[in-house]
Amino acid sequence: MPPRKKRKTAAPATSNSKEISKPIISNTVIGPKYECWLMKSEPESRYENGIDVKFGIEDLINEPNQTACWDGVRNYQARNFMRDQMKEGQLAFFYHSNCRPPGIAGIIKIVKEGYVDHTQYDSKDPHYDRTSTKENPRWYMVDVQFVRKTKRFIPLSELKDMYMKHKQIDGPLSNVALFTRARLSVQPLTSEEFDFILSLEEAAE
DNA sequence: GCCAACGTTGGC
DNA sequence: GCCAACGTTGGC
């Protein structure tokens, strides 16, 4: 199951009180601080169990309030980021995957923190999980809202060139999850990584 | 459509 | 808890 997403929602913002099991940052080992994100979604039609999982940035723009729940993520690391670490107001890149060309299309923000992904209980949903129970939900999602498109599409190829370069010189993208954990559909970015990538939208390549 | 990388499952 | 088999992601 693909961590792809979406459709529906536009949840009014009762901020959720649930989830108390927060992360607790054991800073015994100090890792990078993640306050920004990259979220992948497929902008082109693809059918899973007969249902189109297409959800590109234009689809988000067309949602009520330009807001959608990021349902359908079925990977534990990605879930943990959404459930435990994403905070309201944080920014994320909207990344187009499984298309040509792949890359960053826009910026979104987290408008509702982690809560139970209802699609896990829906037997008709492509991401139905028959083993998850209401008493002990397995999958979580957040709500995101469109902020803006990037001034230009920032292709993966360009990010990869930067990554390769930065690995040599220990530049800002030398550890970026997009390449060090390529298959994760919800990825963390440090502010430095986020800002560097954002600065690329100005450049003419 | 191919397939490398990597996550998950389940036997032992 | 190991690890082989299998499934998925997603670039190309």
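Values in this document were obtained by computation on a predicted structure and should not be read as measured data. First the proteins, then the strands, lettered A, B, ... as listed; each starts at 1.
In this entry the distance linking CZ of A:Arg46 with P of C:dG11 reads 12 Å, nearest Å. Between A:Asn98 atom CG and B:dA5 atom P the separation is 18 Å, expressed in whole Å. As a whole-Å value, the separation of A:Ile104 CD1 from C:dG11 P is 12 Å. Across the protein-nucleic acid pair, A:Arg100 atom CZ and C:dG10 atom C1' stand 11 Å apart, rounded to whole Å. With rounding to whole Å, A:Asp161 atom CG is found 10 Å from C:dC12 atom P. Across the protein-nucleic acid pair, A:Glu44 atom CD and C:dG11 atom C1' stand 13 Å apart, rounded to whole Å. Rounding to whole angstrom units, NZ of residue A:Lys160 and P of B:dA4 are separated by 14 Å.
Every residue two or more places apart in sequence or in another chain that forms a side-chain contact (heavy atoms from CB on, under 4.5 Å) with A:Lys109 is listed here: A:Leu91, A:Val111, A:Gln145, A:Val147.
Looking only at distances, no side-chain donor or acceptor of A:Gln120 sits under 3.5 Å from a matching main-chain atom of A:Ser132.
At the phosphate of C:dT9, neither OP1 nor OP2 sits under 4.0 Å from any side-chain N or O atom of A:Lys40.
Salt bridge status for A:Arg46 with A:Glu48: present, with a side-chain N to carboxylate O gap under 4.0 Å. Ion pairing of A:Lys33 with A:Glu192 is absent here, as no side-chain N (NZ or NE/NH1/NH2) approaches a carboxylate O to less than 4.0 Å. Taking a cutoff of 4.0 Å between a charged side-chain nitrogen and a carboxylate oxygen, A:Asp117 and A:Arg74 qualify as a salt bridge. Ionic pairing of A:Asp59 and A:Lys54 is present here: one or more N-O contacts between side-chain nitrogen and carboxylate oxygen are shorter than 4.0 angstrom.
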Considering only nitrogen or oxygen atoms on both sides, find all protein atoms under 3.5 Å from nucleotides 6-8 of chain B and state each distance.
unit_1, atom_1, unit_2, atom_2, d
B:dC6, O4', A:Arg183, NH1, 2.9
B:dC6, N1, A:Arg183, NH1, 3.4
B:dC6, O2, A:Arg183, NH1, 2.1

